[in-house]
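Computed from heavy atoms alone, side chains included, the values below leave out hydrogens, waters and symmetry copies. Residue numbering restarts at 1 for every chain, and letters A, B, ... go by the order of the sequence lines.
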Amino acid sequence: MVVFERVQKTYDGRTLVVEDLNLAVRRGEFLTMLGPSGSGKTTTLMMLGGFEQPTNGRILLEGQAVERLPPERRDIGFVFQNYALFPHMTVADNVGFPLRYRGIRGAEAARRVAEALAMVRLDGLGERRPAQLSGGQQQRVALARAMVFKPKLILMDEPLGALDKQLREHMQIEIRRIQQQLGITMVYVTHDQSEALTMSDRIAVFNDGRIQQLSDPVTLYDRPENRFVAGFIGDNNTLPCEFLGSENGLAFVRMKDGTRLAASGPAHPARSDLTVSLRPERLGLDDAGSAENRIKARVLDKTFLGDRVRLTLEAFGTERLVASLPAAEGAAVLPGRDVGMAFSAADCRLLAR
Amino acid sequence: MVVFERVQKTYDGRTLVVEDLNLAVRRGEFLTMLGPSGSGKTTTLMMLGGFEQPTNGRILLEGQAVERLPPERRDIGFVFQNYALFPHMTVADNVGFPLRYRGIRGAEAARRVAEALAMVRLDGLGERRPAQLSGGQQQRVALARAMVFKPKLILMDEPLGALDKQLREHMQIEIRRIQQQLGITMVYVTHDQSEALTMSDRIAVFNDGRIQQLSDPVTLYDRPENRFVAGFIGDNNTLPCEFLGSENGLAFVRMKDGTRLAASGPAHPARSDLTVSLRPERLGLDDAGSAENRIKARVLDKTFLGDRVRLTLEAFGTERLVASLPAAEGAAVLPGRDVGMAFSAADCRLLAR
Amino acid sequence: ADPLSVMSFGGAYQDAQRKAVFSAYAEETGRAVSEQEYGGEIAKIKAMIDSGNTTIDVVDVDAPTLLQGCDEGIFETIDWEKIGPKSEWLAGTTSDCGVGTIVYATVLSYDEDKLEKAPTKLADLFDLATFPGKRGLWKNPATNLEFALLADGVPSQDVYATLATPDGLDRAFAKLDTIKDQIVWWEAGAQAPQLLASGEVTMTTAWNGRIFNANKEGRNFGIVWDNQILDSNYWVIPKGAKDVEGSLAFIRFAVEPKVLAGIAKYIPYGPVRSTAAAEVAPEDARNLPTSPANLTTSLTLDNAFWADHGDEIRKRFTTWLSN
Amino acid sequence: MWLPAYATRSERLCRLAVVLFAFAVLAFLIGPLFVVFPLSVSKDPFFTFPIREYSWRWYADFFQNARWMHSLVNSLVAAAASTLIATFLGTLAALGISRPGFPARKAVMALMISPMIMPVVIVAVGAYMFFGSLGLTNTRTGLVLAHAALAIPFVVVTVLSALSTYDSNLSRAGASLGAGPVSVFFAVTLPLILPGIVSGALLAFAVSFDEVIVALFLTGADQRTLPVQMFSGIRDQINPTIMAAASLLTTVSIALFVLLNLIRRVKRA
Amino acid sequence: MQIAGEVTMTQTLSLTSSASAPNLRAALRRAERPGRLGALALALPALLFLIVTFAAPIGLFLTTAVRNPEVRDTLPQTAAALAGWDGDGPAAPGEAAFAALLADLTRAKEDNTAAALGKRLNYESAGMRSRIMSVVRHLGNFKDGALAPQFAALDPVWASPDLWAIIKRNAAPVTPYYLLTAVDLQQDASGAITRVAEDQAVFLGILGRTLWIAGLVTGATLLLGFPTAYVISLAPARIAGFMLLMVLLPLWTSLLVRTTAWVVLLQTDGVINQVLLALGLTTEKLQLMLTRFGTVTAMTHIQLPFTILPIFSVMKSIPEGQMRAARSLGAPPFFAFWRVYAPQTLPGVTAGCLMTFILSLGYYITPALVGGPRDQMLSNFIATYINRDLNWGMAAALAGLLLVMTLSIYLLFLRLVGAERIKLG
Ligand SMILES: Nc1ncnc2c1ncn2[C@@H]1O[C@H](COP(=O)(O)OP(=O)(O)OP(=O)(O)O)[C@@H](O)[C@H]1O
Ligand SMILES: Nc1ncnc2c1ncn2[C@@H]1O[C@H](COP(=O)(O)OP(=O)(O)OP(=O)(O)O)[C@@H](O)[C@H]1O
Ligand SMILES: [Mg+2]
Ligand SMILES: [Mg+2]
């Protein structure tokens with residue numbers, strides 16, 4: 001549906017904000033662009049919307065290059081971070097705005113507006129001004145306005161950034177519902193990993209103007225492809241190691257103090273700069289289960305986090321390691337003591353860079 | 001060290017922003033005031049700092065009433081939410097500012113400033129202006145400035161509110177380290193429960209100008225005294241119930257559909273308006289363990305959250321219930337199916353109000 | 001015919017002209033007069049001519065403007081045949097490009113209601129001992145230097161010769177120095193009576209017509225005619241005027257003895273045409289600078305002198321003011 | 001508000017003194033605007049207090065005197081024309097300047113603002129000479145052009161500040177919804193910056209309506225504006241009709257000012 | 001097919017090489033050009049308008065400060081005849097020069113240009129005007145034969161070289177005369193630059209006075225404006241809004257009306273004196289009108305809003321927490337204000353003071369109506385030179401002086417504050 005081909009973008013002629021973007025958005029999917037601030041997400045979206053020109057490369061929309069197409073002719077719905085509702089128009093006029101420029105007027109337009117407002121559950125608020133609505137309602141109006149002309153593609157730039165947590169979670173579900181109900185293709189930008197994990201079919205993780213990994217949420221979490229992705233999504237312990245070899249699909253590595261661990265990851269990593277990455281919650285107390293790796297560690301500190309306990313451990317010589325245990329399980333662990341920990345090879349990712 | 005005695009405060013003469021505050025801060029402790037926006041935390045801190053006068057009641061500092069003492073004579077360090085660094089002075093001048101009014105000048109002052117900057121790990125940045133520092137660095141300067149004159153008491157009003165998550169967690173550890181190292185008494189305001197749980201010796205939960213509960217973090221989480229505290233700290237399922245009676249220190253309740261549950265809580269709750277409160281992560285799959293309560297529930301929805309899976313369940317007839325399981329454990333659960341859940345009586349709190 | 005456009009100095013002077021001249025002209029010829037006013041700036045006239053669209057047919061100018069404008073050729077040459085015999089005009093009030101109309105005087109004036117003892121001669125202006133208080137003077141070296149020398153005893157016929165010498169100039173400034181810190185300077189004609197009215201000064205130099213008018217409004221200002229300095233106004237036709245013949249006809253009408261004399265009824269400015277003097281009503285003639293009783297010690301302003309030396313003297317005057 | 005709750009006694013005293021001082025300064029600012037009123041109803045033709053007798057003669061003179069009326073009309077026409085020009089050009093310029101990527105913004109801004117700070121005499125004499133060579137002195141066109149130049153910075157500044165609070169995402173939103181650049185401007189941008197344009201236009205009008213020096217140089221008798229009439233009134237023939245004129249002007253400007261602020265307040269509420 | 005293939009080739013090439021910085025910049029410029037031009041096109045009409053109606057007129061006017069067309073245009077033959085004459089000698093030039101002058105003046109009389117020439121030469125030496133004009137008036141009386149004696153008969157100075165030297169020197173198309181005069185310098189007969197005589201040295205004094213008055217006004221507005229802005233920034237919103245209206249209101253009333261008002265207030269029988277007398281604060285009426293005090297007071301009144309507004313907007317932006325922080329750190333009230341608050345208002349103080357200083361430099365109306373002779377500023381002299389003397393050169397030179405001062409402070413303003421920060425109301 002949308003294809004980015006070797007797209008580059010610079011604002012100042014010196015630094016590339018988008019370095020080399022190749023990405024194909026599938027029809028009907030919910031694709032999220034996730035990344036830290038300044039990683040080029042908004043820029044990418046703006047290029048797709050037609051508000052910025054790529055410095056190099058091509059963008060294809062339904063197979064057609066769109067460089068020359070001004071935004072108003074792209075037929076893409078856009079929901080902006082601060083909604084960009086027209087404050088001088090009523091809600092109905094806002095939502096009816098795109099219809100005006102598509103020759104839809106009168107009763108037909110009114111019907112479509114009412115339909116769109118009903119879709120976002122705002123029936124009856126058409127005569128209000130945006131300023132008379134709550135943040136969440138404004139968000140819905142923006143959504144209705146971007147949908148009312150039935151675009152094939154809707155872009156959203158951190159649409160929930162300004163809402164509080166509860167409302168945000170509620171709107172996540174709503175948006176997902178509408179997207180699935182109408183079968184629209186959506187490209188969604190956020191820097192909130194849990195939002196991305198919750199909503200998306202696929203997630204493109206951005207950093208430094210590049211896509212670091214593009215996959216579905218579970219793969220992204222369980223099998224990050226590099227250290228950035230591992231660190232950005234979920235908590236993570238990153239420990240330097242040396243590659244020993246692989247066997248039966250398992251990789252074997254040696255830690256600084258010589259401990260041998262079984263890890264998952266690429267079969268023949270070429271780089272010398274290697275680490276293993278361990279999620280705190282995948283570290284368990286050694287309960288003689290089936291985990292491939294067992295280590296001894298000293299408990300340095302224990303912090304209570306409500307439902308969980310965070311342990312700061314010293315292992316593999318002088319490495320720091322954070323583990324997160326269910327509060328009940330961690331109750332018995334005491335700072336200053338040694339403790340046995342276990343984790344599976346699948347949870348121990350061998351990563352380069 | 002600090003005692004609030006029946007303190008009341010109103011700004012407009014009509015509503016009491018602080019209703020009846022009684023609180024004793026112990027020497028050397030890290031006491032956090034936690035509560036939602038508008039609950040009177042800042043007001044309380046301002047009264048202690050000398051910026052507001054209590055409408056009623058007394059505040060004692062080291063046993064002395066301080067109503068008449070202007071802020072500059074209280075010798076209390078104060079870290080403000082937006083740091084309130086002096087933008088026209090260098091970092092060193094900012095930190096040296098309080099020394100000037102304590103007659104410390106020249107080499108001695110320089111030594112103290114350097115010491116304070118070293119303490120917050122900002123050595124060598126003394127000649128910068130605040131605007132040239134990152135948010136986290138500015139926060140450290142504010143901290144150094146509030147410490148440099150060795151006050152016995154430091155007050156902090158949401159000092160980390162403006163920082164991003166990673167930095168915030170880092171600074172939490174730093175502040176806690178410095179507090180323990182110097183043995184300073186700290187009164188800390190936040191509305192972030194995880195921050196409060198991580199850092200504090202004791203937490204005072206504020207709501208509507210009253211302290212709802214004052215205890216250490218584990219007690220607060222595990223044994224909330226009322227529904228507000230239970231709901232405010234950690235996630236929570238709140239379900240209406242009826243009190244049947246208590247036995248062996250356990251309370252028994254009946255749910256809407258007649259299910260009987262064992263719960264913990266006060267022995268003879270007088271109120272009719274009772275609920276049980278269940279934390280999502282304390283709900284486990286029924287593994288035939290030792291939990292007192294076992295129920296059947298229908299899985300309505302399952303959301304992937306990275307390390308965990310969130311289940312939306314229907315139980316006790318038509319009640320909604322949220323459970324949070326480790327991702328591995330939850331993998332087998334499928335939406336639409338029924339599932340057995342279990343939880344202990346200790347995790348099922350019977351609460352009034 | 002289009003109305004004839006006439007520009008004059010406004011104020012009471014133009015009011016008098018309107019009553020005595022313009023309305024009579026309109027009545028007699030059927031051609032209306034459209035009035036304009038200005039502050040006497042030659043730049044205004046020149047700008048109009050330079051813009052190539054001379055919309056004004058006749059202008060009333062003062063003597064320096066006549067001199068400068070005539071030299072620069074921005075006025076039409078007057079065909080005296082169509083005006084009248086030059087010989088009827090006072091000496092020095094005819095010119096190739098202008099026709100003299102009235103004579104006015106710069107005189108010493110005071111408020112009779114406020115002073116117990118009235119000044120009688122120009123020298124009293126400099127006599128702070130007898131007449132303490134502020135003096136109002138025109139902020140211009142012209143007239144003041146003359147007054148200074150006159151008060152210092154220089155006979156009127158020698159004033160300009162003296163002023164042309166450095167010593168004479170020094171002498172004039174020295175005389176002014178004696179009252180310098182008591183001087184309040186005025187710039188526009190209307191300010192002088194205002195200074196008297198507001199009690200700002202005990203006496204002031206002023207244009208006699210302005211004093212007369214103030215008295216008509218219920219003031220009681222006195223005039224010292226001794227050593228009055230005379231100057232005259234002229235009718236000129238700016239270059240490029242649309243209807244030169246019409247303008248000449250108007251000027252001819254305006255200086256007809258009867259008409260010209262009529263002005264004195266409204267403002268005490270004397271006609272420069274000798275045949276007109278006779279037409280002035282005796283009760284008005286008393287107030288004219290040109291009435292013989294007032295003329296005994298008068299001095300006529302030498303505009304050529306000021307054209308040659310004005311620049312230098314004005315600079316000196318400015319420096320002198322600032323110190 | 002006036003005082004923090006923690007103020008000490010001496011601080012309170014100081015603060016009280018400063019507040020009184022500030023109100024004195026405000027009185028100094030406002031008071032002189034009103035002294036013209038009593039004089040305008042004094043019968044005396046001189047500006048003297050105390051007033052001996054009251055009369056409306058000067059107002060009558062103002063309204064009956066063709067010259068005053070003529071100059072009033074001249075002022076209104078010239079101000080309206082230069083307001084139109086300045087508002088049109090200034091708004092366009094502000095739209096351009098506010099765009100990202102506007103070349104040499106600083107230099108252009110410096111030039112655009114400079115009529116505001118340039119000594120008016122220099123502007124007046126320059127225009128007098130230059131327009132003279134084009135035959136534009138003593139014409140209303142010349143006056144209008146010069147006034148428009150003086151007024152442009154006021155429009156540019158106010159429209160720019162209106163644009164600075166304008167969220168350019170609104171234009172983007174408009175485009176993404178299918179409206180072309182011109183439609184977006186008229187449907188979205190213009191209505192939102194209209195208050196800025198209106199206050200810019202009001203200021204432009206005030207600049208021209210109040211301007212004396214340029215008008216002194218550029219107008220002949222036929223184009224003489226009200227301020228010029230007043231100026232020569234004060235200088236040459238002290239005549240309380242100018243007090244009547246001044247009182248009327250002040251009344252009108254106070255009324256306009258109050259109206260403008262009421263509109264703003266209503267808009268905000 | 002082949003052509004298409006080539007296109008893709010070059011495209012790929014440009015893609016691969018685009019990583020290098022210069023190419024990147026070029027690509028960027030290409031991508032941005034339409035936007036830049038569009039933005040410029042919007043501002044262009046106003047820019048052109050300002051250049052034509054504002055910048056060009058001022059520029060042209062300023063050039064008259066050095067233009068010297070009178071001798072060149074009116075006396076071309078004389079100038080040519082004098083070209084070879086050694087002006088330093090003790091003798092007047094030969095007969096040829098007299099003949100040329102006569103011929104030139106004959107033409108000048110027809111063209112009516114003699115007066116302008118006379119006026120111009122009169123600047124250099126008083127009396128030149130009447131000498132030239134008397135020659136012109138006597139043109140018909142000249143007889144054949146030696147001209148020098150006939151000229152000398154009209155005025156003996158024609159026999160001396162000084163006068164001829166002046167004509168020769170001013171045959172040049174440009175003259176430093178006006179500029180030099182504007183700073184009280186002159187070129188003597190030998191061409192050396194010297195100070196003018198004490199009693200002719202006016203302009204530096206006026207320049208100094210202009211700066212001094214502007215400085216006084218700036219100081220006064222700051223003194224009055226700072227506390228006022230401070231109080232407004234402290235006041236509760238409603239009262240502050242009202243106070244701001246009081247500050248803005250004068251800006252809306254006619255400058256002329258305000259100046260008139262000061263005339264009424266300041267005159268000897270005016271309101272202030274009446275009040276002072278009534279209160280018994282003085283027994284004698286004070287001279288306020290037409291004095292420096294009056295001028296500065298009226299100008300201060302007019303400029304005060306320009307100083308208050310920027311200071312206020314900066315004060316408004318200083319968080320209240322700043323003072324709290326200072327107090328909590330141990331600073332007593334006054335020190336907290338002086339060391340923490342006051343320095344942070346500096347940007348506003350700078351903006352307000354520079355703006356007031358710039359605007360004060362150009363005052364004309366107020367000094368003209370309220371000031372005495374010692375309070376007239378550069379603008380007043382510029383206007384006088386035009387209106388009364390038609391001396392464009394002098395006016396332009398003084399305008400140049402005023403402009404240089406104004407622009408240098410404007411540049412300082414742009415550097416320290418920036419044009420974007422100017423706000424109205
Ligand atoms: N109009 C612009 N001109 C110059 N630089 C820009 C512009 N817009 C963005 N940038 C820069 O480009 C980089 C990427 O910006 P972008 O807005 O695409 O990031 P983002 O991923 O959306 O970040 P965020 O999560 O903060 O919105 C940043 O370094 C930003 O400073
Ligand atoms: N200076 C003041 N004048 C009037 N009311 C005030 C003032 N300061 C605070 N309040 C009111 O007092 C109540 C408590 O405010 P306070 O600032 O103490 O809350 P808080 O717990 O610090 O909230 P937050 O988490 O938002 O900072 C709020 O309703 C607030 O509106
Ligand atoms: Mg973004
Ligand atoms: Mg708070």
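- For a residue to count as touching a neighbouring chain, one of its non-hydrogen atoms must lie under 4.5 Å from one of that chain's; by this rule D:I85 touches chain E with the side chain only.
- For D:V36, the part lying under 4.5 angstrom from a heavy atom of chain E is the side chain only.
- Here D:G96 is the residue among D:G96, D:G200, D:S10 with the most heavy-atom pairs under 4.5 Å with chain E.
- Both the backbone and the side chain of E:L224 come within contact range of chain D, with heavy atoms under 4.5 Å apart.
- Residue E:L47 touches chain D through both its backbone and its side chain, counting heavy-atom pairs closer than 4.5 Å.
- With a 4.5 Å cut-off on non-hydrogen atoms, D:F23 touches chain E through its side chain but not through its backbone.
- Neither the backbone nor the side chain of E:N273 comes within contact range of chain D; no heavy atom of the residue lies under 4.5 Å from a heavy atom of that chain.
- Counting heavy atoms from C-beta on, the side chains of E:W392 and D:Y128 come closer than 4.5 Å.
- Separation of atoms CG (D:L226) and CG (E:L256) is listed at 9.0 Å; rounding is to 0.5 Å.
- Within the 4.5 angstrom heavy-atom criterion, only side-chain atoms of E:I239, from C-beta onward, approach chain D.
- Only the side chain of E:M355 has a heavy atom closer than 4.5 Å to any heavy atom of chain D.
- For E:L354, no part lies under 4.5 angstrom from a heavy atom of chain D.
- Taking the six-membered ring wherever Trp is involved, the centroid distance between the rings of E:W262 and D:F28 falls below 6.0 Å.
- Between the CD1 atom of D:I122 and the OG1 atom of E:T406 there is a distance of 6.0 Å, given to the nearest 0.5 Å.
- For chain D, the nearby part of E:I308 is the side chain; its heavy atoms alone come within less than 4.5 Å.
- Only the side chain of E:T64 comes within contact range of chain D, with heavy atoms under 4.5 Å apart.
- Closest non-hydrogen pair, D:A110 versus E:Y410, comes out as O-OH, 2.6 Å.
- Looking at D:F88, there are no atoms closer than 4.5 Å to chain E (heavy atoms on both sides), in backbone or side chain.
- Taking all atoms of both residues into account, the shortest heavy-atom contact from D:A22 to E:P227 is CB-O, 4.3 Å.
- Contact detail for D:G101 and E:R36: the closest heavy-atom pair is O-CG, 3.0 Å.
- Of the two parts of E:I386, only the side chain, counted from C-beta on, holds a non-hydrogen atom closer than 4.5 Å to a non-hydrogen atom of chain D.
- Residue E:L234 comes nearest to D:R15 through the heavy atom pair CD1-NH1, 3.2 Å, listed as atom of the first residue, atom of the second, then distance.
- With a 4.5 angstrom heavy-atom cutoff, E:R324 touches chain D via backbone and side-chain atoms both.
- To the nearest 0.5 Å, atoms CG (D:L26) and CE (E:M243) are separated by 4.5 Å.
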